[in-house]
Amino acid sequence: MSLNIESLNQLHLDVLREIGNIGAGNAATALAGILDKRIDMNLPVVKILAFDDVTQILGGEETTVAGVYFRVEGDLSGNIMFLLDLDSCKILINLLIQKDNRDNGLDEMDRSALQEIGNILSGAYISALSSLTRLDLKISIPSLSIDMAGAILSVPAIQFGHIGDKVLMIETQLKEGSDLVKGHFFLIPDEESFPILLKSLGVYE
């Protein structure tokens, strides 16, 4: 039986929401560990969105964002994108490499730090997903892009347009002191991986 992201029912979404909650919690814990700071996390919001609607969530097609992209391989396959607006990028970078840059662009060190943050957060999320499902999952080396939201999202929209025009979004807000960081995980599973994922969670025959 075919199953894609558009045919998920409420039970499936509830399970994926719980996974998002646990995965984001793991990611916040990992980030707190490397920063040696307390990181608070709001309850993640899980939505299924059309690619066209994602740009609106990010502030519009022309809003500059940073995207860290990973390929997921193993017992199931798919793609993860972790997107942040530039203000959130600079907050995380400043915390990680202990500098104070809120006005200038991102230099090579900033980009490297951002790539590492994306790697840690996505790795923690996949680790939680792997533990819960007992599936063997691995992520590729991260690929970083800083561009307008419309340009960044056009790549997966074209690449995965044959699978569907929607993505599963997990929006997580992390807070350190008075600084609020809003990050968006986008999970784009390959079509054949949805039944594997949901079956491993006991919500699909």
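In what follows, residues are counted from 1 in the order of the sequence shown. Not measured: the values here are computed from a predicted model. Hydrogens, waters and symmetry mates are skipped; everything else that's a heavy atom, side chains included, is used.
Judged by distance alone, with hydrogens and angles left aside, the side-chain atoms of Ser193 form no donor-acceptor pair with the main-chain N or O of Leu76 at under 3.5 Å. Panel note: side chain Ser145, backbone Gly67; no donor-acceptor pair is recorded below 3.5 Å. Between the side chain of Asp110 and the backbone N or O of Asp107, at least one donor-acceptor pair lies under 3.5 Å.
Exactly one of Ile152, Asn79, Leu83 qualifies for a side-chain contact (heavy atoms from CB on, under 4.5 Å) with Tyr69. That residue is Asn79.
Note that CD1 of Ile126 and CG of Leu137 are 5.5 Å apart. Values are rounded to the nearest 0.5 Å. Taken to the nearest 0.5 Å, the CG atom of Leu96 stands 10.5 Å off from the CE atom of Met109. Atom OG in Ser130 sits 8.0 Å away from atom CG in Asp75 (nearest 0.5 Å). Rounded to the nearest 0.5 angstrom, Ser131 OG and Asn26 CG are separated by 7.5 Å. Between Ile39 atom CD1 and Leu31 atom CG the span is 4.5 Å, to the nearest 0.5 Å. The OG atom of Ser112 lies 8.5 Å from the CD1 atom of Ile97; values are rounded to the nearest 0.5 Å.
In this structure, the side chains of Leu129 and Leu197 come closer than 4.5 Å at one or more pairs of heavy atoms. Here the side chains of Val68 and Ile117 are not in contact, with every heavy-atom distance at 4.5 Å or above. Taking the side chain as every heavy atom from C-beta outward, Ser77 and Arg71 approach each other to under 4.5 Å. The side-chain heavy atoms of Lys90 and Leu106, taken from C-beta on, include a pair separated by under 4.5 Å. The closest side-chain heavy-atom distance from Leu58 to Asp85 is not below 4.5 Å.
In summary, the side chains of Gln115 and Asn119 do not present any donor paired with an acceptor at a separation below 3.5 Å, with no hydrogens or angles considered.
Listed here is the closest heavy atom pair of Leu84 and Val181: CD2-CG1, 3.9 Å. Nearest heavy atom pair, residue Ile146 against residue Ala66, reads CG1-CB, 4.0 Å. When all heavy atoms are compared, the tightest approach of Phe82 to Ser122 is CB-OG, 4.2 Å. For the residue pair Ala128 and Gly23, the shortest heavy atom distance occurs at CB-CA, 3.7 Å.
In terms of the side-chain contact (heavy atoms from CB on, under 4.5 Å) criterion, residue partners of Leu180 (sequence neighbours excluded) are, by chain and number, Gln173, Lys175. Partners of Arg134 under the salt bridge (Lys or Arg N to Asp or Glu O under 4.0 Å) rule, at least two apart in sequence or in another chain, do not exist in this structure.
Counting heavy-atom neighbours within 6.0 Å of Glu62 CD, excluding the residue itself, gives a total of 12 or less. Counting heavy-atom neighbours within 6.0 Å of Asp136 CG, excluding the residue itself, gives a total above 12.
If you chain together hydrophobic residues whose side chains sit under 4.5 Å apart, Leu114 and Met148 never meet in one group.
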